[in-house]
Amino acid sequence: PADNRGSFALTRLAVTSGKPTPSDVRKLGPERSRWARLIGRLEGVERTEARVANMISGLADRLCLPKAVQECAMVYAKKLLGKMREKGRRLMVNEVSIVSLWNALKVQGYPVSMKEFAALVKPLLKRRDGRVTSLYKLLTKAAKIVPPPTKGFTAADYVGRLGARLGGLADQSYISSLEAYAIALCKAAEGEVFGKDPVCVAATALCVADEAFGSLIGGERIAEALGAGYSQSTAKILKRYKPPLPPNMRRHVLNTVAGRGLKVLAGEWLLGKGLKGGDKA
C-alpha cells in the first residue's frame, strides 16, 4: 500500500489480495495487518461499510470529534450507500465518508467551519488528473441521492459553543455579555446571512460584538482562539442590523473606555516625567 494513503491503504490491500503477505505484515505490524485481514473476509456491502467506517474514524480523530459524531456519520453513510445501490448512482468511498461526516457535524452542532473541513479533506478529493473536486459540488451531488438531515444549527446556536474557547482572554462576565450580544446580532440579521457557513457567521458575530464593546479582546485574538475565519462581508451585514446595546452591557463599554483613558493619562504622565512606559518611577 502507498504510505501516504493512511488507513485507506489497508482496505485497498485487503480488497486486492484478501490477506497480507509476510512482507506486508512486517511493514504494517501485526495489529494493522489483523484489521486488513478482517476487512478481507467481508463481502460486498459489509466490506464497503467497513472501509467507510474506517475512513470516518480517521477523519474524526484528526478533528478530535466525539464518538456521537462518528456514529451519526455512519448512520447517514449506510442510508447513502443503500440509495446509491437503488438509484444506480456512484460515489467513491472517500466521498461517501466526507459527505457523511460533514452532515453529522451539522446535526450534532459541532463547531467546525467549512473552510477548516475543506482543508482537512482536500487531499482525499484530489483526482487522478491532479484537479481537486469541490466540496460544495460533492455535497450537492450527494444531496440529490439522499437529502441531508433536516436538523441543523443556526449561527446563534454556535455562538455559545465558540464562546467556550475564549476562556482566559477576559473575565467570564464579559464573555457572557459578548455571547449574548453576538446571539442578538445573528438573530437580527438571520435573513441576510441565511445560506452562509453558520460557524463563520458566529465567529464574525463575536468579533463584531467585541468591537461594539470597545475591542477589549480584539478581533485578531478572537479569530485565533476560535480557529474560525472572519468574513468582512458578513461583518458588514451584522453591523447594518446591529441592535442597540442593552443597559446591562453598557458597563462593559464604559469599563473598556475608562481603562484605556487611564492608560493614556498614565502614558502622558510618564512622558512628562521623562520616563518610558517600561521604566520604573
Can you find a pair of side-chain heavy atoms, one from [X] and one from [Y], that are under 4.5 Å apart?
X      : Y      : result
Lys242 : Tyr181 : yes
Met74  : Glu49  : yes
Asn94  : Ser97  : no
Met55  : Val121 : no
Val96  : Ser100 : yes
Val69  : Val107 : no
Leu185 : Pro243 : yes

Search all heavy atoms of Asp210 against all heavy atoms of Ile217 and return the closest pair with its distance.
OD1-N, 3.1 Å

Closest non-hydrogen contact found for Ala164 with Glu179 is N-OE2, 4.0 Å

Could you pull out every donor-acceptor pair under 3.5 Å between side chains of residues 188-209 and any protein atom, sequence neighbours left out?
{"residue": "Glu192", "atom": "OE2", "partner": "Tyr241", "partner atom": "OH", "Å": "3.2"}
{"residue": "Asp197", "atom": "OD1", "partner": "Val199", "partner atom": "N", "Å": "3.3"}
{"residue": "Asp197", "atom": "OD2", "partner": "Met114", "partner atom": "N", "Å": "2.8"}
{"residue": "Thr204", "atom": "OG1", "partner": "Cys200", "partner atom": "O", "Å": "2.8"}
{"residue": "Thr204", "atom": "OG1", "partner": "Ser231", "partner atom": "N", "Å": "3.3"}

Say you draw a straight line from [atom1] of [X] to [atom2] of [Y]; how long is it, rounded to the nearest 0.5 Å?
X      : Y      : atom1 : atom2 : answer
Leu135 : Thr140 : CG    : OG1   : 9.0 Å
Lys141 : Leu138 : NZ    : CG    : 7.5 Å
Thr234 : Lys236 : OG1   : NZ    : 11.0 Å

Going by salt bridge (charged side-chain N to carboxylate O under 4.0 Å, His left out), name the pairs with one or both residues in residues 65-85, residues two or more places apart or in two chains.
Lys83-Glu86

Pairwise salt bridge (charged side-chain N to carboxylate O under 4.0 Å, His left out) hits with a residue in residues 110-125, at least two apart
none

Heavy-atom neighbours of Arg131 CZ exceed 12 at 6.0 Å
no

In this structure, would [X] and [Y] fall into the same cluster of hydrophobic residues linked by side-chain contacts under 4.5 Å?
X     : Y      : value
Met92 : Leu139 : no
Ile98 : Val75  : no
Leu63 : Val99  : yes

Would you call Lys239 and Glu211 a salt bridge, using N to O less than 4.0 angstrom?
yes

Under the rule for side-chain contact (heavy atoms from CB on, under 4.5 Å), what residues qualify as partners of Arg62, not counting sequence neighbours?
Leu120

For Ile183, give me all partners under side-chain contact (heavy atoms from CB on, under 4.5 Å), at least two apart in sequence or on another chain.
Ala156, Val159, Lys187

Do the side chain of Arg165 and the main chain of Leu226 share a donor and acceptor less than 3.5 angstrom apart?
yes

Does the Asp157 side chain pair with the main chain of Thr154, one donor and one acceptor, at a distance under 3.5 Å?
yes

Determine, step by step, whether Asp61 and Gln70 satisfy the side-chain contact (heavy atoms from CB on, under 4.5 Å) criterion, reporting the C-alpha distance in whole Å, the side-chain angles of both residues, the deciding distance to 0.1 Å, and the verdict.
CA-CA 9 Å; Asp61 287 344; Gln70 298 183 41; 4.0 Å; yes

Enumerate the ring pair (Phe, Tyr, Trp, His ring centres under 6.0 Å) contacts for residues 64-107, please, sequence neighbours excluded, ordered by first and then second residue.
Trp102-Phe117

